[in-house]
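First the structure, in the form of structure tokens, and then the observations on it.
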Amino acid sequence: MAPEGRYHHGDLRRAVLAAAVEAIEERGLGMLSLRDVARRAGVSHTAPVHHFGDKAGMLTALATEGFDLLAQALDPGDGETIDLVDAGVIYVQFAVDHRAHFEVMFRPDLHHSDEPALAVARDRAGDLLTNAVVAATDTPPGQQTELASVAAWSLVHGFATLWLAGALPEHIGQDLQGSARSVAKLLFSVVHRSDT
């Protein structure tokens, strides 16, 4: 019988993904097993396999969900483009708030990176970041913008990874958003039109 508050008929996908997030946050991605996820979700040990096919299928769904969540966070709506520094801060905050997703999203060795739904979600999040770079540089998309986008992404991804690992100097590692904003402003200043 499922533990109270866990799996409810018709919501197997949500229950399994939530259990996978819980397992990754508690034990790490390296210790993730379908059997443990099933136990946490309150379903049979074969239920995740029947629904997702295999562990990589489950992680593909988790990565897709992560890119969707990131895109939602980066999209100011109304056809507007997010400020580049704000995008950097949101990216770092997302990594901290959704650590399990973040750990899976950029590990194509663990999921089916050619899955169409994953590609759509990944491209949407990437396009929002690229649009912020295009707006900040006031140049049309091209090779230079692509390089600037990779540089901006590398900066915030690296900062988020260092924060999650607890590897930043203590005085920097106390204020996530303030530190992320300061670092982004410093290094994005060459492409950012205004000091916001």
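We're numbering straight along the sequence, starting at 1. Values below: all heavy atoms of this structure, side chains included; hydrogens, waters and symmetry mates excluded.
Counting non-hydrogen atoms of neighbouring residues, nucleotides and ligands closer than 6.0 angstrom, the CZ atom of R35 reaches no more than 12 such neighbours. Dense packing is recorded around CD of Q174, with more than 12 heavy atoms of other residues, nucleotides or ligands lying under 6.0 Å away. Within a 6.0 Å sphere centred on CD of E146, heavy atoms belonging to other residues, nucleotides or ligands number 12 at most. When the shell of 6.0 Å around CD of E25 is examined, it contains more than 12 heavy atoms from other residues, nucleotides or ligands.
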Inset, instruction - Run the numbers on D86 and R181 for side-chain contact (heavy atoms from CB on, under 4.5 Å), then give the verdict. - result: CA-CA 7 Å; D86 290 342; R181 183 168 299 279; 2.9 Å; yes
Legend entry - Steps toward side-chain contact (heavy atoms from CB on, under 4.5 Å) verdict (H51, V16): CA-CA 9 Å; H51 192 78; V16 170; 6.0 Å; no
Inset, instruction - Applying side-chain contact (heavy atoms from CB on, under 4.5 Å), run through I24 and L62 and close with a yes or a no. - result: CA-CA 11 Å; I24 293 168; L62 194 62; 3.8 Å; yes
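Taking the salt bridge (charged side-chain N to carboxylate O under 4.0 Å, His left out) definition, one finds that D109 meets it with R107, sequence neighbours left out. In this view, T130 satisfies the side chain to side chain donor-acceptor pair (under 3.5 Å) rule with no residue, not counting sequence neighbours. Here H98 pairs with F94, H101 under the ring pair (Phe, Tyr, Trp, His ring centres under 6.0 Å) rule; sequence neighbours left out. Residues satisfying the salt bridge (charged side-chain N to carboxylate O under 4.0 Å, His left out) test with R99, not counting sequence neighbours, are E103. Take T46 and apply the side chain to side chain donor-acceptor pair (under 3.5 Å) test, not counting sequence neighbours, and it matches S44.
Residue A132 comes nearest to I82 through the heavy atom pair CB-O, 3.3 Å, listed as atom of the first residue, atom of the second, then distance. Nearest heavy atom pair, residue V37 against residue A19, reads O-CB, 3.4 Å. Contact between A121 and D68 at its shortest, heavy atoms only, is CB-OD1, 3.2 Å. Closest approach of A15 and A41 over heavy atoms only: O-CB, 3.8 Å. Heavy-atom minimum distance, L74 versus A125: CD1-O, 4.1 Å.
Looking at L70 and M105, their side chains come closer than 4.5 Å, going by heavy atoms from C-beta outward. Contact check for M58 versus L32: side-chain heavy atoms found under the 4.5 Å cut-off. Looking at L34 and H45, their side chains never come closer than 4.5 Å, going by heavy atoms from C-beta outward. Looking at heavy atoms from C-beta onward, L129 lies out of side-chain contact with S149 at the 4.5 angstrom threshold. V104 places none of its side-chain heavy atoms less than 4.5 Å from the side chain of L110.
Interatomic distance, CG of D36 versus CD of E22, reported as 8.5 Å (0.5 Å rounding). The structure places CG of D54 at 11.0 Å from CZ of F52, a figure rounded to the nearest 0.5 Å. In this structure, CD on Q93 lies 9.5 Å from CD1 on I90, to the nearest 0.5 angstrom.
T60 places a side-chain N or O within 3.5 Å of a backbone atom of H112 that can act as its donor or acceptor partner. A donor-acceptor distance shorter than 3.5 angstrom exists from the side chain of D83 to the backbone of V85, with no hydrogens or angles considered. Not a single donor-acceptor pair under 3.5 Å links the side chain of S179 to the backbone N or O of L176.
In this pair, F102 and Y91 present their aromatic rings perpendicular. The plane angle is above 60°, beyond the 30 to 60° band.
Under the salt bridge (Lys or Arg N to Asp or Glu O under 4.0 Å) criterion, the residue pairs touching residues 119-132 are D75-R124, with sequence neighbours excluded.
Under a hydrophobic-cluster definition in which Ile, Leu, Val, Met, Phe, Trp and Tyr are linked whenever side-chain heavy atoms come within less than 4.5 Å, directly or via other members, F106 and L128 are assigned to the same cluster. A continuous path of ILVMFWY side-chain contacts below 4.5 Å connects I172 to V96, so both sit in one hydrophobic cluster.
Under 4.0 Å is where a charged nitrogen must lie from a carboxylate oxygen, and between R13 and E65 no such pair does.
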